[in-house]
Amino acid sequence: MRLLFGLIGTVLLISCSTRDAELFNEDRYREHIKVLASDEFEGRAPASAGEVKTINYLSEQFAALGIPGANNGSYTQGVPLTSLEVTNKPVLKIHGQGEHAEYAYQQDFMVASFQQQARIGLDSELVFVGYGINAPERNWNDYEGLDVKGKTVIVLVNDPGFATQDPAIFNGNAMTYYGRWTYKYEEAARQGAAAAIIVHETAPASYPWSVVTGSWSGKQFDIQREDGGKNLLKAEAWINIDTAQQVFGMAGMDFNKLKLAAQQPGFRAVNLNLRAQTELEMAIEHTASNNIAAYIEGSEKPDEVFIFTAHWDHLGVNPQLEGDQIYNGAIDNATGTAALLELAAAYKNDKTPPKRSVLFLAVTAEEQGLLGSNYYAEFPLFPIEKTVAGLNMDALRAIGPVKDVVVMGYGFSDLDNYLKDAAVQLDREILPDDKPQNGYYFRSDHFELAKKGVPMIYARGGINHLEKGPEYGKEMSQAYSENEYHQVSDEYREDWDLRGALRDLELYYRTSRLIVDGDNWPAWSEGSEFKKLRP
Ligand SMILES: [Zn+2]
């Protein structure tokens, strides 16, 4: 049997390499990006005229390829969204024994709520729970023996591994999901807390306080929830480091000392004997957007599904800007959305049909907090237990051919091996992301599926340019981050060199086929925080 498989594998490889020229087409890929990123699509905001155009374009393209919609034949999956905005300027009041302090919105603290209520009042005891982590596989529980029902927990950002830089604690410098702020609020809610306050520090957060105040101001989005968000926290808050030091001082405690204690195994939570109070007035609105999904049924195991994901949405139009007002989102993420079409075409045009089924999923509202993928993970079109693995594409590069492939979340699962096998065929080199402390793996759409236990790949071309060297690639990559990322200047340009993106597509295709045509189920690595989610 083994030998037979080996032979088939060899035959497949040979035929693959002779077919590649037909499978991917740079002109066609370029045209998709050009259309999706055109001014006519108005920056593809969810629930806008740009969304209608995007849905129509993608549906027509999938239909032209003869690939049906994945939602009982329809190409769309409705995604009901809610926006919630704090409309007053709430004050954070801290009461101690005979002492009282008030902290100002934006300047000292930030707060949002995802409970869908017009008015929210908080008045509860404050407990310091260290990093707020409950990780059975690491024998670490900051909530051990603690009842925080109705209380407000104060939590440190990132994880003890980053704090100590000790590779024996969590993943050392590399962030685990336990370090991500979203986890802190999720775990506090699971523990029954009323509210959670994260202490902001620039290094472990990887961004300054201004990013907190900027991104937590104005409308915050969530998927619509049947229970109105009752099981979420009343308040999700941040305080800056000065405020934290003052609050701990009021409790007669030293913040820095407690922080050090929290980095060690066996840390026990500390009751601050203080009360936190605040009141929020909320404006709540409901809108509707859509995920777009097309599907090729597998020839041998149709009920087992591989998913390609890419977010179709971007930031839309800002009428307050002078001059250009359209956030075209050409790199972010017309390149990934167009890649879905190109991969769908490759699957369709390859003479060998896939053995497992393949889903091409363009998700909405990534920019509002991974909401389209969150909705899909909650209400999947195919059962999560039958979803074998997936690959996400967000912001492919237009800088030309590169040798290296950067893997976010390197080592998390054995998907790295599939990617490596495909990379070897294409003479490319797999590298871990060089800033694992920033937790990029937890910041794009694949992660919502990972959180449900589905092993997901997130990787893309790096900087080592085949003709111009790594310095050039680094420069181009920095220029994008500084001058275009989330700006109106993220536009399509005729002089883009898309050879590198095409090489990435080829790599994604081959990697996916190793899984789609195989019998194995990719698995999370030993010790991974996601392993327990996949029996
Ligand atoms: Zn993106």
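Counting convention: from 1, in listed order, for ligands and their atoms alike.
- For the pair F382 and L359, the minimum side-chain heavy-atom distance is below 4.5 Å.
- Partners of D421 according to the salt bridge (charged side-chain N to carboxylate O under 4.0 Å, His left out) rule, which considers only residues two or more places apart in sequence or in another chain, do not exist here.
- For the Zn ion (ligand 1), protein N, O or S atoms closer than 2.8 Å were enumerated as H311 NE2, D332 OD1, D394 OD1, D394 OD2, with waters left out.
- Each of F447, F170, Y441 was checked for a ring pair (Phe, Tyr, Trp, His ring centres under 6.0 Å) with Y177, and the lone residue meeting it is F447.
- Across N392, N291, T337, D394, a single residue satisfies side-chain hydrogen bond (donor to acceptor under 3.5 Å, both in side chains) together with H311, and that is D394.
- A donor-acceptor pair shorter than 3.5 Å can be found between the side chains of S217 and Q106.
- Under a 4.0 Å N-O distance rule, the pair R28/E31 does not qualify as a salt bridge.
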